[in-house]
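One structure is given below, encoded as structure tokens.
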Amino acid sequence: MTSRYTPALKWVFPVMLLCLALPLFGWRSMTDAPGGAPSTAFNAEAGMATLTELLREQVPHPIGSENNHVVRDRILSVLRGAGYEAAVDAKLHCTAEFGCAQVENLIAVRRGTDPSRAVMISAHYDSVPAGPGASDDGAGVAIALELAKELARRPPTKNDVVFMISDGEELGTFGAEAFASTHADSKRVTVMVNLEARGTAGPSVMFETGPGNANLMKLYGDAVARPVANSLAFEIYKRLPNGTDFTVYRDRGVIGFNLAFIGRASLYHTPYDDLQHLDRATLQHHGDNAFALVTALADADLAAIASGEDASYFDVFGRLLVQWPASWNLPLAGAALLVTLVLVGLRRRDFTLGKVGWTIAAVLGALALQGLLGWLLTFPLGRWPGALKLDHPMPWPGRIALLMSSVTVAVAVGGLLARRGAAAAATWGVWAWIALCAVLLAAFVPGGAYALLWPAAAFAGAALLAGWWSLGAFLASFLGFALMAFFWVGHMTMFESALGFPQSLIKSVLLTPLVWAAIPVAARAMDHERTGAAIPLIVSIAGVIAASAAAVLVPAVTRDTPLGVDLVYYDDGAQPPRWGMLSTDLDGGEFPDAAGFPAERQRHYALGTRAIVGRMKPATPLALSVPTFAPAPSAAPGADGARVLRGTIHLAKDAVAGGLTVGHDAGVLSVRVDGQPVWGEEDLRGRSRSMRLAGVSGRDVALELTLAPDAKGPVILYQRLALPATSEVRALQAARPADATPFGVGDCAIIMRRIKL
């Protein structure tokens with residue numbers, strides 16, 4: 001039987017695809033830095049000139065290294081040349097989370113007319129051992145220095161501006177912890193702007209603020225010309241274990257903005273994080289945002305900047321920031337749900353028990369089908385299960401495949417509902433479900449509610465106005481779907497910074513709200529259609545297959561988006577040394593086979609206590625220095641039988657870093673380093689702990705262990721060293737493919753020795 005919606009079928013499906021295509025291209029603001037003239041006094045060319053001078057040799061400069069001292073002195077020279085009394089704040093600082101490090105923070109202050117409160121701009125100058133750190137975080141340092149020069153030329157602002165160039169961030173925010181814990185200037189900091197990077201390109205994203213951010217977000221919206229921010233990202237990030245220097249201050253009640261760019265993440269922490277790969281448009285956008293925010297805050301009333309209200313917000317293609325009080329979310333979502341339920345009551349003739357059942361099955365079935373298709377797409381899109389990459393050299397086939405698979409689910413489920421005569425019931429039922437989900441998000445994750453709230457409110461409002469019309473509910477559904485596409489296609493692009501195509505299962509499930517909104521549109525368009533309903537399904541399936549085939553044909557790694565592979569030499573002093581590897585891919589790509597690693601996996605204890613499974617091979621012993629512990633004369637045990645073991649740790653002068661690992665049943669009750677408490681009994685009970693020692697190579701460091709009467713260890717002291725250029729090392733490094741690169745700690749030797757208790 002030909003449906004009265006047959007003419008609609010000819011345009012609904014193409015327009016649905018258009019609703020997906022437009023935001024897919026519009027949300028390029030999530031992946032590409034905006035071009036155009038600068039919107040502030042920051043000039044990217046001047047910033048690049050400063051950065052080039054700081055990193056003239058383009059070599060890694062981890063904390064404590066001679067190369068880091070060179071960068072330190074160049075930063076001080078720039079600040080002092082601009083007229084600042086820049087100082088080095090050096091101290092050994094310990095934290096229970098990361099361990100201990102000798103940091104050298106660089107601090108300068110631009111005095112304002114009211115010294116009671118201060119704005120701080122923060123960036124870190126240390127790099128990882130594998131890369132020169134031009135983006136992470138040389139770009140942030142250069143921007144801060146350019147801002148320091150600019151403010152030095154201007155009349156004093158209302159508030160002091162503190163320039164905090166921290167050390168030791170890469171190994172655990174040591175510099176920020178030291179400054180926040182002990183420095184007098186930290187007590188005056190009310191609000192801050194932190195500059196970070198997790199790649200070498202992309203827009204400058206404002207991904208984290210803090211509680212009570214309504215006034216902050218109003219300032220952000222007014223000051224920043226090209227905003228890229230949404231409150232869902234903030235809700236997600238604050239629930240993750242990740243942290244930056246901003247986290248240190250946020251946990252102490254300081255509010256502000258955390259800015260980072262995250263494009264080309266495969267170059268993050270690699271030798272390719274150099275001047276040549278830093279995108280100039282990214283540097284300009286990052287600098288514009290930092291200049292705009294710091295200069296606005298420098299003259300703001302900081303006593304009133306904190307608010308008792310949180311904001312919900314999102315940007316529109318990097319052009320406009322939409323924001324409103326988060327307290328509105330629950331009433332608005334509740335109103336949308338109430339209106340939808342009232343309209344359901346007025347349309348109760350469309351409902352039977354069977355149709356309600358089909359609607360519930362559609363909602364749950366769509367989620368299940370999304371999961372199934374996502375799992376199937378994991379292979380062609382992500383080379384399942386090997387890769388863990390967060391970016392892809394050619395992402396468009398994967399993006400199209402994920403969206404077309406969602407269209408496939410919506411068309412299949414919508415067509416089934418239409419054949420069962422449940423299209424009208426599904427329209428109201430699905431949107432009532434979406435509105436209920438919006439209420440739950442508004443109650444428990446308010447910053448993320450907007451992605452369901454505004455589509456649900458749009459449907460409810462349009463249906464209330466036009467629901468009496470025979471096509472009113474259909475058009476209201478289409479409006480809700482269009483808004484859902486705007487938000488969730490953008491979120492799909494945003495999730496690429498945390499979920500690569502190997503996680504297509506998760507990405508597909510996260511697109512389920514988009515599918516829910518598409519189901520009523522597809523169902524009403526195909527209501528009672530017997531022949532034409534197959535065409536959209538065939539087209540969408542063909543789109544999935546074609547995009548997936550393209551994804552298989554394009555390379556997953558290239559020289560510009562390489563695989564991270566480190567060669568690691570392990571020597572624990574108890575068994576023959578072995579070669580292993582660390583990789584951003586679970587299997588290490590082609591490297592293990594090319595380097596002669598056997599196929600079978602072996603259990604290995606990294607740093608002496610943590611069991612991992614990987615491919616290992618025997619190594620020719622290397623003549624490398626070992627870390628040492630020199631015990632001091634022991635004291636008599638206490639009344640409870642506990643005793644104290646004191647002595648000095650010594651890491652080799654050429655050690656990149658080191659650390660201490662305590663087994664879960666070692667019998668260690670507490671650990672102190674250089675007189676500072678690191679772990680107590682609660683920290684050590686029932687679990688292994690590993691701490692880092694950074695910036696202390698070549699010197700003696702005091703260690704104190706309180707031991708239970710039956711303490712048996714293990715307590716492992718280790719150090720990381722650069723690999724010597726032996727013939728075996730050179731041969732293994734030559735086996736690394738051209739599309740792979742060292743990352744993070746880089747190629748290294750880990751030398752472990754047990755401390756005798």
Could you check whether [Y] and [X], counting side-chain N and O atoms only, form a donor-acceptor pair closer than 3.5 Å?
| X | Y | answer |
| --- | --- | --- |
| Ser166 | Asp245 | yes |
| Ser670 | Thr706 | yes |
| His124 | Glu196 | yes |
| Asn194 | Asn258 | yes |
| Asn105 | His183 | no |
| Arg252 | Ser181 | yes |
| Thr50 | Glu146 | yes |
| Thr95 | Glu177 | no |

Heavy-atom side-chain contact between [X] and [Y] under 4.5 Å:
| X | Y | answer |
| --- | --- | --- |
| Arg672 | Val644 | no |
| Tyr268 | Val128 | no |
| Leu171 | Phe98 | no |
| Gln58 | Gln276 | yes |
| Thr190 | Val254 | no |
| Phe591 | Arg615 | no |
| Val294 | Val161 | yes |
| Leu622 | Tyr569 | yes |

To the nearest 0.5 Å, how far apart are [atom1] in [X] and [atom2] in [Y]?
| X | Y | atom1 | atom2 | result |
| --- | --- | --- | --- | --- |
| Phe179 | Ile165 | CZ | CD1 | 11.0 Å |
| Met48 | Leu278 | CE | CG | 5.5 Å |
| Leu582 | Leu567 | CG | CG | 9.5 Å |
| Asp185 | Asp89 | CG | CG | 9.5 Å |
| Ile262 | Ser135 | CD1 | OG | 13.0 Å |
| Ile143 | Phe42 | CD1 | CZ | 4.5 Å |

Residues two or more places apart in sequence or in another chain: which of them pass disulfide bond (SG atoms under 2.5 Å apart) with Cys748?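 Cys748 satisfies disulfide bond (SG atoms under 2.5 Å apart) with no other residue.
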Between the side chains of [Y] and [X], is the shortest nitrogen-to-carboxylate-oxygen separation below 4.0 Å, so that they form an ion pair?
| X | Y | result |
| --- | --- | --- |
| Asp571 | Arg753 | yes |
| Glu728 | Lys617 | no |
| Arg188 | Asp160 | yes |

Step by step, work out the side-chain contact (heavy atoms from CB on, under 4.5 Å) result for Leu669 and Leu684. CA-CA 7 Å; Leu669 303 178; Leu684 295 167; 6.0 Å; no
For a quick test of reading the model, state the closest non-hydrogen atom pair linking [X] to [Y] and the distance between them.
| X | Y | answer |
| --- | --- | --- |
| Leu55 | Ala134 | CD1-CA, 3.6 Å |
| Leu259 | Ser204 | CB-OG, 3.9 Å |
| Asp126 | Glu170 | OD2-N, 3.1 Å |
| Thr741 | Pro562 | CG2-CG, 3.6 Å |
| Val565 | Arg736 | O-NH1, 2.9 Å |
| Ala290 | Ile121 | CB-CD1, 4.4 Å |

Quick one, Val193 with Ser122, criterion side-chain contact (heavy atoms from CB on, under 4.5 Å). Give me CA distance, side-chain angles, the key distance, then yes/no. CA-CA 6 Å; Val193 175; Ser122 172; over 6 Å; no
Is a side-chain donor or acceptor of [X] paired with a backbone partner of [Y] at a separation under 3.5 angstrom?
| X | Y | result |
| --- | --- | --- |
| Thr173 | Ala176 | no |
| Arg117 | Val191 | no |
| Arg250 | Pro211 | no |
| Arg110 | Leu151 | yes |
| Thr182 | Ala178 | yes |
| Arg720 | Val656 | no |
| Asp572 | Ala574 | yes |
| Asp274 | His277 | yes |
| Asp566 | Gly746 | yes |
| Asp167 | Glu104 | yes |

Could you walk me through whether Arg74 and Glu57 satisfy the salt bridge (Lys or Arg N to Asp or Glu O under 4.0 Å) test, starting with their C-alpha distance in whole Å, then the side-chain angles of each, then the deciding distance to 0.1 Å, before giving a yes or no? CA-CA 12 Å; Arg74 289 171 180 167; Glu57 297 82 8; 2.7 Å; yes
Could you check Thr561 against Ser266 for side-chain hydrogen bond (donor to acceptor under 3.5 Å, both in side chains), going step by step and ending with a plain yes or no? CA-CA 5 Å; Thr561 54; Ser266 58; 4.8 Å; no
side-chain contact (heavy atoms from CB on, under 4.5 Å) assessment of Val189 paired with Val119: CA-CA 6 Å; Val189 174; Val119 178; over 6 Å; no
Before giving the answer on side-chain contact (heavy atoms from CB on, under 4.5 Å), spell out for Tyr237 and Thr244 the whole-Å C-alpha distance, their side-chain angles and the decisive distance to 0.1 Å. CA-CA 11 Å; Tyr237 190 82; Thr244 66; 3.6 Å; yes
His269 and Phe743: ring-ring contact (aromatic ring centres under 6.0 Å, His included), yes or no, with the steps? CA-CA 5 Å; His269 283 182; Phe743 77 106; 8.6 Å; no
Hey, mind stepping through Phe174 and His93 against ring-ring contact (aromatic ring centres under 6.0 Å, His included) and telling me if it holds? CA-CA 7 Å; Phe174 286 109; His93 188 75; 7.6 Å; no
Heavy-atom count check: over 12 atoms from other residues, nucleotides or ligands less than 6.0 Å from Lys187 NZ?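 It does: Lys187 NZ has more than 12 such atoms within range.
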Would you say that more than 12 heavy atoms from the other residues, nucleotides or ligands in this model lie under 6.0 Å from the CD of Glu85, or not?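 Not buried by this count: 12 neighbours or fewer within 6.0 Å.
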Establish, yes or no, whether a centroid distance under 6.0 Å links the rings of Tyr84 and Phe163.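 Judged by ring-centre distance (under 6.0 Å), Tyr84 and Phe163 do meet the cut-off.
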